[in-house]
Amino acid sequence: MGLDAVEILMIWENSFGIEISDDEAIAIATIKEAIDLISSKVNASGGIAGVCLGARAFYRIRQAFYNVGLPRKQIQLDSKWVDILPNISKKQRQETLNYICDRAGLPKAPSLSFHFGVINRRITVRSLVDWAVAHHPCSLTSSEERWTHFQVRSVVRSVIRDLADISDRDFKDDDAFSYILGIF
């Protein structure tokens with residue numbers, strides 16, 4: 001596997017607190033196989049959808065913005081940071097975003113500047129929600145909550161969307177893992 005595959009696997013391992021052996025990694029042929037492998041490792045329930053992690057992240061983030069004085073209507077998934085926090089420096093915007101993440105129960109926010117050498121695409125509320133689901137799903141669940149297959153699928157796909165900068169329409173669960181790596 002190339003570096004991109006290793007990076008995806010490492011993020012999955014960190015996101016779920018699991019280990020994927022080299023033999024297991026080599027055997028992953030499709031996105032669905034990755035979802036099934038991770039679901040088995042976290043003992044995910046299959047019949048219940050569980051809470052939507054994206055919705056939970058969005059509502060926490062919106063509540064945090066509301067608590068600092070911004071109206072809820074202003075915080076939509078497609079709201080841009082420069083519109084939500086106008087007339088402040090990039091540094092102040094990043095500090096505010098870190099504060100919002102802390103109030104939403106998330107780790108320090110991703111950088112608004114550069115990502116893999118290009119201007120960062122994390123410029124909307126949706127991109128912060130996707131980042132939270134992809135990289136910090138355990139921050140969105142309690143220790144009493146059991147993972148569901150639906151939630152595992154959501155996180156696995158969020159990681160791929162985040163790293164490949166693609167949308168859900170660009171790939172299917174039955175697509176070959178190598179196809180997704182070719183998008184990079």
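Looking only at distances, a side-chain donor or acceptor of Asn98 sits under 3.5 Å from a matching main-chain atom of Ala109. In this structure a side-chain-to-backbone donor-acceptor pair under 3.5 Å is present from Arg56 to Leu140. When atom types are taken as modelled, the side chain of Arg72 and the backbone of Gln63 share no donor-acceptor pair closer than 3.5 angstrom. Without hydrogens or angle criteria, Glu145 side chain to Ser142 main chain gives a donor-acceptor distance under 3.5 Å. Using modelled atom types, no side-chain atom of Arg153 and backbone atom of Ile35 make a donor-acceptor pair closer than 3.5 Å. A donor-acceptor pair is defined here as one N or O able to donate and one able to accept, closer than 3.5 Å; such a pair exists between the side chain of Ser15 and the backbone of Ile11. For Glu24 (side chain) and Ile20 (main-chain N/O), no donor-acceptor pair under 3.5 Å exists by modelled atom type. A donor-acceptor pair under 3.5 Å links the side-chain atoms of Ser79 to the main chain of Gln76, judged by distance alone. Under a 3.5 Å cut-off, the side chain of Gln151 and the backbone N or O of Val51 do form a donor-acceptor pair.
Distance OG1/Thr141 to CZ/Arg146: 13.5 Å, rounded to 0.5 Å. Separation of atoms CD1 (Ile38) and CD (Glu33) is listed at 12.0 Å; rounding is to 0.5 Å. Expressed to the nearest 0.5 Å, how far CG of Asn14 lies from CD of Glu19 amounts to 10.5 Å. In this structure, the separation between NZ on Lys108 and CD on Gln94 is 7.0 Å, given to the nearest 0.5 Å. Atom-to-atom distance recorded for Arg103:CZ and Asn67:CG is 6.5 Å, nearest 0.5 angstrom.
Between Ile28 and Leu37, the closest heavy-atom pair is CD1-CD2, 4.0 Å. Closest approach of His149 and Ala44 over heavy atoms only: N-CB, 3.7 Å. Closest heavy-atom contact between Ser139 and Pro107: OG-CD, 3.8 Å. The two atoms that bring Phe58 and Ile75 nearest to each other are CZ-O, 3.5 Å, heavy atoms only. The heavy-atom pair separating Val155 from Trp147 by the smallest distance is CG2-CZ3, 4.2 Å. Of all non-hydrogen atoms in Val133 and Ser158, the two that sit nearest each other are CG1-OG, 3.3 Å.
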Working note: Thr124 + Leu77, criterion side-chain contact (heavy atoms from CB on, under 4.5 Å); need CA distance, chi angles, decisive distance, verdict. CA-CA 7 Å; Thr124 65; Leu77 283 171; over 6 Å; no
Please assess Thr30 against Asp173 for the test side-chain contact (heavy atoms from CB on, under 4.5 Å), listing each intermediate value before the final yes or no. CA-CA 7 Å; Thr30 65; Asp173 290 353; over 6 Å; no
Does Leu128 form a side-chain contact (heavy atoms from CB on, under 4.5 Å) with Leu97? I'd like the steps, not just the answer. CA-CA 10 Å; Leu128 183 60; Leu97 187 55; 3.7 Å; yes
In sequence, state the C-alpha distance, the side-chain angles, and the governing distance for Val152 and Val156, and then conclude on side-chain contact (heavy atoms from CB on, under 4.5 Å). CA-CA 6 Å; Val152 170; Val156 166; 4.2 Å; yes
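In this structure, Trp81 has its ring center under 6.0 Å from that of Phe65.
Residues Ile18 and Val42 have side chains in contact (heavy-atom distance under 4.5 Å, counting atoms from C-beta outward). Using a 4.5 Å heavy-atom threshold, the side chains of Ile31 and Asp174 count as separate.
Surrounding CG of Asp168 are more than 12 heavy atoms belonging to other residues, nucleotides or ligands, all under 6.0 Å away.
With hydrophobic clusters built from ILVMFWY side chains whose heavy atoms lie under 4.5 angstrom apart, Tyr99 does not share a cluster with Tyr66. Trp131 and Tyr59 fall within a single hydrophobic cluster, where Ile, Leu, Val, Met, Phe, Trp and Tyr side chains are chained together by heavy-atom contacts under 4.5 Å.
Comment: Asp170 does not engage Arg161 in a salt bridge, judged by the lack of any side-chain N to carboxylate O separation of less than 4.0 angstrom. Between Lys32 and Asp36 there is a salt bridge, with a side-chain nitrogen of the basic residue lying less than 4.0 Å from a carboxylate oxygen of the acidic one.
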